[in-house]
Structures are given as C-alpha cells and as structure tokens.
Amino acid sequence: MPVNTAVYQSIKKELSLTNTRLIAVSKTKPLGDLQEMYDLGQRDFGENYVQELVDKQAALPKDINWHFIGHLQSNKVKYIAPFVHLIHGVDGLKLLQEINKQAAKNNRVIDCLLQIHIAQEETKFGLNEKELTELQPYIDQLKNVRICGLMGMASFTEDQLQLESEFKSLKSIAEKFKSIFGSISTVHRLPSMILSMGMSSDYQLAIQNGSNMVRIGSLLFGARK
Ligand SMILES: *Cc1c(COP(=O)(O)O)cnc(C)c1O
C-alpha cells in the first residue's frame, strides 16, 4: 500500500501551526514506503523493533533521524547506540545505565525520553511518579545520556475525557520534573522539554493538551497487518 501523500501534507501543515514535530511510525512497513515518505521530505522515523531498525538504517539515507519508540531491552542497546537519534521509551535505571555505557563507547550523548505510565491498562510500560522521583538523583551522574522530556501512551479508548485527563497528567508531571531535563537538546527545532504523546487516533487531542511530538503510523502508511 502506497504512502498517503495528501494526508501527509495536511498533517504537516496542521502540525506546523503549533510547531509540533512529526515522527512517522514505520514499523513493519517495507523500505519502499519509507523511501517514498523520505522523498516527500520526512526525516524523522519511528521504529519499535531493534533488528528492523538496524536493517532499515543500513539501507536508507544517512540523514534520517531514527527514533526508537518500542520497549528496549538492555542487551540490545548496543545495536542502535551508534546512530539512534532519540529513545522514547526509557522506563528504568538499568536501561538508562546501559544506554549511558553504550553511548560512552560510541563517544556520544544519547537523547532519551522517560516513559510515564498514564494509561489505565496494566499492560503498558512506564514509570509512575514515585519511580520517577527515585530515578531523579541518578540522572545527573549519567554523563552520556540526556533526558529531553517525557513520553506517554494513552489508554486504548475512545473516551475523549479519559484521554484528555491522561494527556494532561503527562504534561503536569513534565512541568513538575522540569529540572531533570538537560538544557541543550540536540533534537533541533524543539523546546528543551519534549512531550512525546499522541498517535493516529488521538494526536489532535494530545496537541491540545501540550504534546509537541506526535508518533503517527497508520494514518500515513495505512493499517498494519
Ligand atoms: C505503533 C506505535 C505508534 C503509532 O501508532 P498508529 O496508531 O499507527 O499511529 C505510536 N507510538 C508507539 C509507541 C507505537 O508503538
């Protein structure tokens, strides 16, 4: 299925009004689809699986910003550390320490977002406020990671009020923990505090509630199998 050019253009235009960054979520999609999106001007792509990301990075243009948005296992950090642009789903000290170690090996500072659990479902990953508080003192010691903001996934629901309250909670946690975010972000064109929230079905509501980075897949590339 080809990329939906008209939808892409209209989303880009819509997002430009609020200076919101678009991450095109290309997991499971073939290289041709990503190249097509690249040719339209898209440079930020999001992937969930390490092996798939590594293969795509090797095959596609080198100026793509690769975002890892899935659940990252510590033993796989080394494969993406040389090139990853932003890791969205960091939810523990052990993972953060491993990212720091692999970043140092590659002589770089890796930008990360801490994932916060905002949904009602038990299954979604992420930290709660208490865990975030406990993590706080360690963050300064990790010289090769920079925490640029927070990421959250809302509940799988059509209840707009529920979604809204979850987005608002992420925004308010971000405000509360502002001091942990590194001041110089290499993620250009963005404020120093990134709030990555909103997907195909709820990105407009997410932006209304403070998102400045949305992760959109199926609207752009068509439904996944
Ligand atoms: C798959 C995925 C998305 C994109 O979902 P769509 O509904 O296709 O827009 C966004 N964020 C995360 C973390 C994902 O895994």
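Numbering of ligands and ligand atoms starts at 1, following listing order.
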Trainee: Only heavy atoms of N48, strictly under 4.0 Å: list the atoms of ligand 1 that pass.
Mentor: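 In order of numbering, the contacting atoms are 14 (C), 15 (O).
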Trainee: In terms of heavy-atom contacts, does CZ of F83 have more than 12 from other residues, nucleotides or ligands at under 6.0 Å?
Mentor: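 Check passes, neighbour count above 12.
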Trainee: What protein heavy atom sits nearest atom 10 (C) of ligand 1, and how far away is it?
Mentor: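 Here the nearest protein heavy atom works out to M199 SD, 3.4 Å.
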Trainee: What atoms in ligand 1 come closer than 4.0 Å to a heavy atom of M153?
Mentor: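 Reading through ligand 1 atom by atom, the close ones are 13 (C).
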Trainee: Is it true that L219 lies under 4.0 Å from ligand 1, counting heavy atoms only?
Mentor: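 Under 4.0 Å: no for L219.
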Trainee: I'd like to know if E47 pairs up with K56 as an ion pair, taking the criterion as any Lys NZ or Arg NE/NH1/NH2 lying under 4.0 Å from an Asp or Glu carboxylate oxygen.
Mentor: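 Salt bridge: yes.
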Trainee: Which residue and atom name correspond to the protein heavy atom nearest atom 12 (C) of ligand 1, and how close is it?
Mentor: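 Going by distance alone, atom 12 (C) of ligand 1 is nearest to I69 CD1, 3.6 Å.
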Trainee: S201 to ligand 1: N or O pair under 3.5 Å?
Mentor: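 Between S201 and ligand 1 (N or O atoms, distance only) the closest approach is not under 3.5 Å.
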Trainee: Looking at I216, which atoms of ligand 1 are within less than 4.0 Å of one of its heavy atoms?
Mentor: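 Near I216, the atoms of ligand 1 are 9 (O).
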Trainee: Tell me which protein heavy atom sits closest to atom 2 (C) of ligand 1, plus the residue, atom name and distance to 0.1 Å.
Mentor: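 Ranking protein heavy atoms by distance from atom 2 (C) of ligand 1, first comes K27 NZ, 2.5 Å.
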Trainee: So which atom in D33 and which in F221 form the shortest heavy-atom distance, rounded to 0.1 Å?
Mentor: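 Heavy atoms only, the tightest pair is O-CE2, 3.8 Å.
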Trainee: Among all protein heavy atoms in this structure, tell me which lies nearest to atom 7 (O) of ligand 1, with the distance rounded to 0.1 Å.
Mentor: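 Going atom by atom, the protein heavy atom closest to atom 7 (O) of ligand 1 ends up being S218 OG, 3.6 Å.
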Trainee: Return the CD to CD distance between E166 and Q120, rounded to the nearest 0.5 Å.
Mentor: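 Answer for the CD-CD pair, E166 versus Q120, is 5.5 Å.
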Trainee: Salt bridge or not between K94 and E98? Use side-chain N to carboxylate O under 4.0 Å.
Mentor: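 Between E98 and K94 there is no salt bridge, as every charged N stays at least 4.0 Å from the carboxylate O atoms.
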Trainee: Can you tell me how the ring of H67 sits relative to the ring of H85, calling it parallel under 30°, perpendicular over 60° and tilted otherwise?
Mentor: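 Because their plane-to-plane angle is over 60°, the rings of H67 and H85 count as perpendicular.
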Trainee: Between N100 and Y138, is any side-chain donor less than 3.5 angstrom from a side-chain acceptor?
Mentor: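 No - no donor-acceptor pair under 3.5 Å links their side chains.
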Trainee: Taking only heavy atoms of G217 into account, list the atoms of ligand 1 that are under 4.0 Å away from them.
Mentor: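 Those qualifying, in numeric order: 4 (C), 6 (P), 8 (O), 9 (O).
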Trainee: When you measure from atom 11 (N) of ligand 1 to every protein heavy atom, which one gives the shortest distance, and what is it?
Mentor: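 Result: R215 NE, 2.9 Å.
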Trainee: Can you confirm whether L22 sits close enough to I216 that some side-chain heavy atom of one is under 4.5 Å from a side-chain heavy atom of the other?
Mentor: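 Touching, per the 4.5 Å side-chain cut-off.
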Trainee: Please confirm whether R224 comes under 4.0 Å of ligand 1, counting heavy atoms of the residue only.
Mentor: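 So R224 counts as touching ligand 1.
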Trainee: Search all heavy atoms of M197 against all heavy atoms of N209 and return the closest pair with its distance.
Mentor: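 Here M197 and N209 meet closest at CE-O, 3.4 Å.
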Trainee: At what distance is the nearest protein heavy atom to atom 9 (O) of ligand 1, and which residue and atom is it?
Mentor: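 Nearest neighbour among protein heavy atoms for atom 9 (O) of ligand 1, to 0.1 Å: S200 OG, 2.5 Å.
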